[in-house]
Amino acid sequence: MYINGQWQPGAGDFAVFNPASGERIGLAPEGGADDARAAIDAACAAFPAWAAAGAYERSAKLYRAWELMMAKREELARLMTAEQGKPLRMALTEVKYAADFLLWFAEEAKRVYGEIIPSARADQRFLVRREPVGVVCAITPWNYPVSMITRKVAPALAAGCTIVLKPAESTPLCAMAVFRILEEAGIPAGVANLVTTSAPAPVGEVFCTDPRVRKLSFTGSTEVGRMLYQRAAAQFKRVSLELGGHAPFIVFEDADPVHAAKGAAAVKFLNTGQACISPNRIFVQRSIAEPFLRTLEARVAAQRAGDGMDDKSTVGPLFSQRAIDKVEAQVQDALALGATLHTGGKRLTEGGLERGFFYAPTLLSAVTPAMRIYREETFGPVAPVILFDTEQEALAMANDTHYGLASYVYTQNLARAMRMFEGLQFGMVGINDINPTSAAAPFGGIKDSGLGREGARQGIEEYLETKLGGFSI
Ligand code: NAP
């Protein structure tokens with residue numbers, strides 16, 4: 001663990017495994033509640049000097065961290081593929097995305113502006129100043145084990161906050177590598193602290209209940225996010241939550257069905273479907289169903305599951321047995337209720353794949369609202385297709401979910417594109433675009449997908465308080 005500028009052991013160690021082979025690839029320190037408190041002590045002690053250091057100094061350190069991360073891109077990507085399973089090419093893309101947050105917030109640090117507000121009284125002046133919220137605690141998931149860290153650490157540090165981070169239990173090695181970069185970049189002791197653990201609850205409890213912590217930032221499941229939000233509410237902590245999704249992908253008859261199917265395949269199987277913005281329900285207008293399904297089926301069947309280090313692999317393993325069980329249960333339920341299986345639909349257990357958690361890329365059609373997959377986040381390589389007849393019907397079905405993270409629309413009709421952009425109850429809408437994400441763009445959801453935004457100009461706001469000065473002159 002990295003606490004107060006020192007690498008420290010835990011009460012013991014826990015093992016980290018490669019999900020493609022089951023092989024043990026390393027050990028991480030077992031932290032607990034006392035380590036979380038020690039890290040918060042360090043973050044509290046470091047806060048005044050870091051907040052006072054000034055935007056240009058903070059910016060320079062983040063800029064250095066960006067340079068170092070880009071220089072170590074290959075090394076970090078290899079570690080990520082070994083620890084998380086995604087194909088190396090995709091790991092390289094993620095490291096670049098992660099580094100983008102360091103660069104973006106190195107720049108935003110210098111743009112935390114105040115305001116002067118005219119008063120109705122001639123002898124009064126109003127000044128508004130933005131201040132760092134204070135000590136931040138953050139919890140991140142395993143599916144994007146480097147970028148989910150920089151998406152929180154970079155804006156927190158840019159704003160002048162100090163931070164304690166707990167990464168996912170299955171990807172602590174990537175987190176350690178990121179904190180080595182922060183150390184090498186000259187981030188002062190206590191400003192950024194890392195607590196690793198295989199038992200998240202006691203650490204999460206300290207994060208939620210220690211009164212010195214002023215902000216909690218969490219990325220993970222809706223279930224855990226809800227529990228942390230409730231625990232943090234007693235102390236009115238600021239909370240940002242990036243939670244689950246159930247993205248609709250809507251293809252209208254005025255779109256090119258082949259182009260749309262290629263897009264659907266590309267975004268659906270990204271990270272083996274283990275992405276919060278992964279399309280979970282693909283709605284296709286009935287009149288173009290045939291060419292769309294034909295292209296999608298060919299694309300899904302052409303996916304190749306395997307070890308991410310093999311450059312022929314296009315999808316890696318799922319992350320656990322539990323993940324395989326959930327995907328299998330959703331597919332079996334859909335088939336029992338009348339869905340059509342085009343390709344896939346089974347666990348892969350040959351050619352060495354039996355050692356990892358591999359599931360065949362799968363295409364289902366004739367999916368209906370009665371099926372589990374229509375309601376639940378899948379987080380796996382299954383593309384479920386649902387046909388519709390009218391725009392109103394598509395919009396109603398797309399919004400028929402308690403999630404509200406990403407959504408996608410394919411249409412060549414400008415008015416329809418605008419109607420869908422306005423009508424979809426989601427934080428992000430990709431119009432003929434499968435990747436509406438960037439360090440420069442606000443990422444986040446509504447409804448059960450969370451609170452707040454990460455990245456963009458809005459990302460730093462989450463770490464700032466507004467202070468008013470009223471001056472009588
Ligand atoms: P998860 O089980 O909620 O885990 C996320 C993090 O929370 C991990 O670090 C986990 O630690 C920790 N955690 C679990 N229980 C906790 C507790 N009682 N107290 C404190 N921390 C606790 O989610 P996951 O299955 O790993 O991640 C997948 C979910 O994340 C999906 O729903 C996905 O949609 C969502 N996600 C959202 C976004 C977004 O930006 N909206 C991005 C990526 C993922 P352990 O690893 O030790 O369990």
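Atoms within a ligand are numbered from 1 in the order they appear, just like the ligands themselves.
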For this session: Among all protein heavy atoms, pick out the one at the shortest distance from atom 39 (C) of ligand 1; state its residue, atom name and that distance to 0.1 Å.
Result: Cys276 SG, 3.2 Å

Seminar exercise, completed: Of Val224, Leu165, Val203, the one whose closest heavy atom lies nearest atom 16 (C) of ligand 1 is Val224

For this session: Quick one: sort the Tyr374 and Phe283 rings into parallel, tilted or perpendicular, breaks at 30° and 60°.
Result: perpendicular

Seminar exercise, completed: The residue among Ile250, Ile277, Asn435, Asn432 that forms side-chain contact (heavy atoms from CB on, under 4.5 Å) with Tyr408 is Ile277

Exercise. Does some non-hydrogen atom of the protein lie less than 4.0 angstrom from atom 18 (N) of ligand 1?
Worked result: yes

Exercise. For ligand 1, is Phe218 a contact, meaning one of its heavy atoms is under 4.0 Å away?
Worked result: yes

For this session: Considering the heavy atoms of Glu377, write down every atom of ligand 1 situated less than 4.0 Å from one of them.
Result: 31 (C), 32 (O), 33 (C), 34 (O)

Exercise. Atoms of ligand 1 less than 4.0 Å from Pro167 heavy atoms?
Worked result: 9 (O)

For this session: Pick whichever of Asn143, Leu241, Ile139 has a heavy atom sitting closest to atom 6 (C) of ligand 1.
Result: Ile139

Exercise. Val146 and side-chain contact (heavy atoms from CB on, under 4.5 Å): which partner among Met69, Lys96, Arg151?
Worked result: Met69

Exercise. For ligand 1, which atoms, with element, lie under 4.0 Å from some heavy atom of Thr140?
Worked result: 6 (C), 8 (C), 9 (O)

For this session: Using only heavy-atom distances, determine whether the side chains of Thr222 and Asp448 contain a donor-acceptor pair under 3.5 Å.
Result: no

Problem set entry | Test item: side-chain donor near acceptor, Ser198 and Glu169, under 3.5 Å | no

Problem set entry | Protein heavy-atom partner closest to atom 37 (C) of ligand 1 - residue, atom, separation in Å | Leu243 O, 3.1 Å

For this session: Consider only side-chain N and O atoms of Thr171 and Glu83, and report whether a donor and an acceptor are under 3.5 Å apart.
Result: no

Exercise. Does Ser170 reach ligand 1 with a nitrogen or oxygen that is under 3.5 Å from one of the ligand's nitrogen or oxygen atoms?
Worked result: no

Exercise. Distance only, no hydrogens: is a donor on one side chain within 3.5 Å (strictly under) of an acceptor on the other, for Ser240 and Lys215?
Worked result: yes

Problem set entry | Distance filter under 4.0 Å to Leu405 heavy atoms, resulting ligand 1 atoms | 41 (N)

For this session: Mark yes when over 12 heavy atoms from residues, nucleotides or ligands other than Arg457 sit less than 6.0 Å from its CZ; otherwise mark no.
Result: no

Exercise. In the protein, which heavy atom is nearest to atom 11 (O) of ligand 1, and how far is it?
Worked result: Lys166 NZ, 3.0 Å

Exercise. Out of curiosity, is Met227 lining ligand 1, as in a heavy atom under 4.0 Å away?
Worked result: yes

Exercise. Looking at Ala42 and Asn4, what are the two nearest heavy atoms and their distance?
Worked result: CB-CB, 3.6 Å

Problem set entry | contact_flag Arg151 ligand 1 heavy-atom lt 4.0 Å | yes

Exercise. Which ligand 1 atoms are under 4.0 Å away from a heavy-atom of Trp142?
Worked result: 24 (P), 25 (O), 26 (O), 27 (O)

For this session: Establish, yes or no, whether a centroid distance under 6.0 Å links the rings of Tyr229 and Phe218.
Result: no

Exercise. Would the Tyr63 and Trp66 ring centres measure less than 6.0 Å apart?
Worked result: yes

Exercise. Can you tell me which residue and heavy atom of the protein come closest to atom 46 (O) of ligand 1, and the distance to 0.1 Å?
Worked result: Glu169 N, 2.8 Å

Exercise. For ligand 1, is there an N or O atom under 3.5 Å from any N or O atom of Gly220?
Worked result: yes

Exercise. Is Tyr144 in contact with ligand 1, taking contact as a heavy-atom separation below 4.0 Å?
Worked result: no

Exercise. Atom 22 (C) of ligand 1: which of Pro200, Ser221, Ser147 has the nearest heavy atom?
Worked result: Pro200

For this session: Would you check if there is a donor-acceptor pair between the side chains of Gln274 and Trp142 at a distance under 3.5 Å?
Result: no

For this session: Check if Phe207 has a non-hydrogen atom at a distance under 4.0 Å from any atom of ligand 1.
Result: no

